[in-house]
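Heads up: the structure comes next, in structure tokens.
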Amino acid sequence: GILAASVWFIWKQVSAGYAAVALADLRLEPTRLIISWFCTTAATALGAWAWVLLVRALGGQLDLTQGMSIHLTSNLVKYVPGFIWAYAGKGYLAVRRGVPASIATLSIAAEFAIVYICGVVLVLLALPFSDIITLSVGSRTALQVIGIGAAGLLIIGIPPLAQRLAFRSKVARGLFEPLLSATWSRIAFVMIVVLVTWCLLALGFSVLYRQSSNDGWNHLLKHSVTLVGALLLGQLAFFAPTGVGVREAVLVAMLATDSNAANVLILAVVFRMEMILGEVVCAIVALAAVRIQRARKTRSGMHNTNG
């Protein structure tokens, strides 16, 4: 029933977005659309892989195909009004697959934190030369070095720090117990994967918004900062499914100075449609992979029994 409701809400967003794009006098190059969609779809799949790696790093046993299917199918429920549905569905399905409830809950909370931390890291790396702030070249270079250092410290230092805090905490034997035996080097690797996921999203977003081939790297860096701000602020607006309205408002506020506000808004709708389509395609592929895996195991079991 929840999946059916998700399909209905997804269809409402896609149909409304298509109507808005159809009414706009804006021509989009097919090549840009395809590259942008592939980037967002790859980021979606990479995010699912990162969550499975996180569950394993915390001590859970989860098959890669089944884990990605859990992440991608539960992710579709986020389009139903309410902030908690996707996380609750992910935890429920993970427990059904044999993951301890404490690890499933902690993996969801840790994933949420890692997504925000890596988003901040990308902002630190992209902000100095994004043309959002006005500084001299020397000041920008110094800020860039500080950003790189801060990014390295966050990725390397946060996992062992969290482990130490869990060890000292009075509730370490409860919810945070998996952190005591977690493999912090794997968690650091998960953070790198999530950072790459952010970079892919930013690349897809920048390709969609590119106005000319002479914009250079500043174009990509500015769009990276803008996208991170829009997505994270939209996610904090739990009263709006997937931050509808909030995300678009941030994009218009940040990008309307360089181009027409109407075009910015329409491209924001197009990017949202790309993300929805990528999430649906990834979920369908993951479900098909699980069915194929089950069929192969069934055939293998039959052959063993016959033997």
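Residue numbers start at 1 and run along the sequence shown. This structure is a prediction, so every number in the text was calculated from the model and none was measured.
In this structure a side-chain-to-backbone donor-acceptor pair under 3.5 Å is missing from Ser69 to Thr65. A distance-only check finds a donor-acceptor pair linking the side chain of Arg56 to the backbone of Leu62 [under 3.5 Å]. The main-chain N or O of Leu125 is found under 3.5 Å from a side-chain atom of Gln144 such that the two form a donor-acceptor pair. A donor-acceptor contact shorter than 3.5 Å links the side chain of Arg32 to the backbone of Leu208. At least one donor-acceptor pair under 3.5 Å links the side chain of Ser130 to the backbone N or O of Leu127. With hydrogens and angles ignored, the 3.5 Å screen pairs no side-chain donor or acceptor of Ser206 with any backbone N or O of Ala202.
Rounding to the nearest 0.5 angstrom, the gap separating the CG atom in Leu53 from the CD1 atom in Ile192 is 11.5 Å. For the atom pair Ser74 OG and Tyr92 OH, the distance stands at 13.0 Å (nearest 0.5 Å). With rounding to the nearest 0.5 Å, the separation of CG in Leu46 from CE in Met68 is 8.0 Å. Rounding to the nearest 0.5 Å gives a distance of 10.0 Å between CD1 of Ile276 and CG of Leu76. Interatomic distance, Leu143 CG to Ile148 CD1, rounded to the nearest 0.5 Å: 10.0 Å.
Both Phe189 and Leu106 are members of a single hydrophobic cluster when ILVMFWY side chains are connected at heavy-atom separations under 4.5 Å. Hydrophobic clustering keeps Leu220 apart from Phe129 (ILVMFWY residues linked when any side-chain heavy atoms are closer than 4.5 Å, directly or through intermediates). If you chain together hydrophobic residues whose side chains sit under 4.5 Å apart, Val207 and Leu221 never meet in one group. Taken together through direct or relayed side-chain contacts under 4.5 Å among Ile, Leu, Val, Met, Phe, Trp and Tyr, Ile146 and Leu195 form parts of separate hydrophobic clusters. Linking Ile, Leu, Val, Met, Phe, Trp and Tyr residues whenever their side-chain heavy atoms come within less than 4.5 Å places Leu64 and Val99 in a single cluster.
Within the 4.5 Å cutoff, no side-chain heavy atoms of Thr141 are placed close to those of Pro128.
Within the structure, side chain to side chain donor-acceptor pair (under 3.5 Å) contacts touching residues 106-122 (residues at least two apart or in different chains) are Trp51-Ser107, His71-Glu111, Lys90-Glu111.
Taking the six-membered ring where the residue is Trp, Tyr209 and Phe205 present tilted rings, their angle falling between 30° and 60°.
Nearest heavy-atom pair across Gly47 and Thr197 is N-OG1, 4.0 Å. Residues Trp198 and Leu232 come closest through the heavy atom pair CZ2-CD2, 3.7 Å. Closest heavy-atom contact between Val55 and Ile103: O-CG2, 4.0 Å.
Ser36 and Glu274 are linked by a side-chain donor-acceptor pair at a separation below 3.5 angstrom, with hydrogens and angles left out of the test.
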